[in-house]
Amino acid sequence: MRLIAKLYVVSLFTVILFMGCDQGMSQPIKDIIPPPETPTNLEKATADMARVNQRRTESQQKADTAGNYTAIFIDSENILIEELNFRKAFWIELVDIFRSEKTDDATVTDGYGRLQDAFAKRLSENTLGQFYFEYIRTFDPLIVEYLRLSYVYPTQTEEELLAHFRESVKNDLVSIVFPENF
C-alpha cells in the first residue's frame, strides 16, 4: 500500500513537473487583482473639501427653501469646524496669509478689491447670505493647500503647517481665481 501511495505521489509530481501548471496560474495574483490605489495627499484634501461643499450646498438649499439666509453664516463656520477640525475663523487666517504674501501681485490686489466691493454691496443690499458660499468658495484652494500640507506633515503643529502654507503661497503653489461678477 505504501508503495502504491509513493508511486502515486511520484507520478503526480512528474506530471506537474513536465506538463506545468495551468497557464492562468503562471501569473501572480497581485497582477490579476490590482491593489487598491492609495489617494494622494492632494486627492485626500480635495475629498475633504468636497464634503465641505456638499454640506454648504445642503445649507444653501435649506436657506433658499426657507427664504431665510441668516443661518448661512453660522453654518459656514460650523461646517469647517465639523468637517475639517478648523478652529473658528481659521480660513480667514489662510486668506490673510495669502493676501499679505501677494501684496506685490496686482492681479491679487485688484481681485481682492473687486471682491471686497462686491461683498460690501451685497451687505448693504442685505443679500450677502444668498451669495455667501459663492463668495467664500473663492478661497477654497487655500483651504485645500493647507489640508494637503496637513497630510504631507501629519505630526506637525498648526504653527508649523502655517509656515509651510506661507512657503506654498510664496512659491506660487497655490492660487485663487477671483470671480468676475460676484
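All values below come from the heavy atoms of this structure, side chains included, with hydrogens, waters and symmetry mates left out. Residues take their numbers from the sequence shown, with the count starting at 1.
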From [X] [atom1] over to [Y] [atom2], what is the distance, rounded to the nearest 0.5 angstrom?
X: Leu161; Y: Glu145; atom1: CG; atom2: CD; result: 10.5 Å
X: Ile79; Y: Ile74; atom1: CD1; atom2: CD1; result: 11.5 Å
X: Gln130; Y: Glu125; atom1: CD; atom2: CD; result: 9.5 Å
X: Thr127; Y: Arg122; atom1: OG1; atom2: CZ; result: 5.0 Å

Are [Y] and [X] linked, directly or through intermediate hydrophobic residues, by side-chain heavy-atom contacts shorter than 4.5 Å (ILVMFWY only)?
X: Leu94; Y: Tyr151; value: no
X: Val95; Y: Leu173; value: no
X: Phe139; Y: Ile81; value: no
X: Leu162; Y: Tyr153; value: yes
X: Phe119; Y: Ile92; value: yes

Donor-acceptor pair between Thr46 and Glu43 side chains, under 3.5 angstrom:
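Side chains of Thr46 and Glu43: no pair found under 3.5 Å.
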For Asp96, look at atom CG and say whether over 12 heavy atoms of other residues, nucleotides or ligands are found less than 6.0 Å away.
yes
Counting only heavy atoms not in Glu159 (residues, nucleotides, ligands), do more than 12 fall under 6.0 Å from its CD?
no
Would you verify whether the NZ or CZ of Arg99 falls within 45 degrees of the ring axis of Tyr112 while also being under 6.0 Å from that six-membered ring's centre?
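Satisfied, under 6.0 Å and within 45°.
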Flag the pair [X] / [Y] as yes when at least one side-chain heavy-atom distance between them is below 4.5 Å, and no otherwise.
X: Trp91; Y: Glu77; value: yes
X: His164; Y: Tyr146; value: no
X: Phe131; Y: Ile136; value: no
X: Met49; Y: Ile143; value: yes
X: Asp105; Y: Thr109; value: no
X: Leu42; Y: Val144; value: yes
X: Lys44; Y: Arg148; value: no

Is the closest basic N to carboxylate O distance between [X] and [Y] below 4.0 Å?
X: Arg137; Y: Glu134; answer: no
X: Lys88; Y: Glu93; answer: no
X: Arg51; Y: Asp48; answer: yes

Checking Asn126, Asp75, Asp64 against Tyr69 for side chain to side chain donor-acceptor pair (under 3.5 Å), the one that qualifies is Asp64
Which pairs, with at least one residue in residues 163-172 and sequence neighbours excluded, count as a salt bridge (Lys or Arg N to Asp or Glu O under 4.0 Å)?
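As it turns out, the salt bridge (Lys or Arg N to Asp or Glu O under 4.0 Å) pairs with a partner in residues 163-172, which skip direct neighbours, are Glu101-Arg166, Lys102-Asp172, Glu167-Lys170.
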Residue pair Thr57, Phe133: steps toward the side-chain contact (heavy atoms from CB on, under 4.5 Å) verdict:
CA-CA 8 Å; Thr57 299; Phe133 286 134; over 6 Å; no
For [X] and [Y], indicate whether the former's side chain and the latter's backbone hold a donor-acceptor pair under 3.5 Å.
X: Thr65; Y: Gln61; value: yes
X: Asn68; Y: Thr70; value: yes
X: Ser76; Y: Ile72; value: no

If you take all heavy atoms of Pro141 and Ser175, which pair is closest and at what distance?
CB-O, 3.3 Å
Mind listing the closest non-hydrogen atom pair of Leu115 and Thr138 along with its distance?
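Scanning both residues, the minimum pair turns out to be CD2-CG2, 4.1 Å.
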Salt bridge (charged side-chain N to carboxylate O under 4.0 Å, His left out) involving Arg56 - partner list, sequence neighbours excluded:
Asp140
Under the side chain to side chain donor-acceptor pair (under 3.5 Å) criterion, do Thr157 and Glu160 qualify, and how do the steps go?
CA-CA 5 Å; Thr157 65; Glu160 293 168 319; 3.3 Å; yes
For Phe90 and Glu158: C-alpha separation, side-chain torsions, deciding distance, then whether side-chain contact (heavy atoms from CB on, under 4.5 Å) applies.
CA-CA 10 Å; Phe90 181 71; Glu158 180 182 294; 3.6 Å; yes
Please tell me whether Phe98 and Phe165 form a close aromatic pair, meaning their ring centres lie under 6.0 Å apart.
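Not close enough - the centres of the two rings lie 6.0 Å or further apart.
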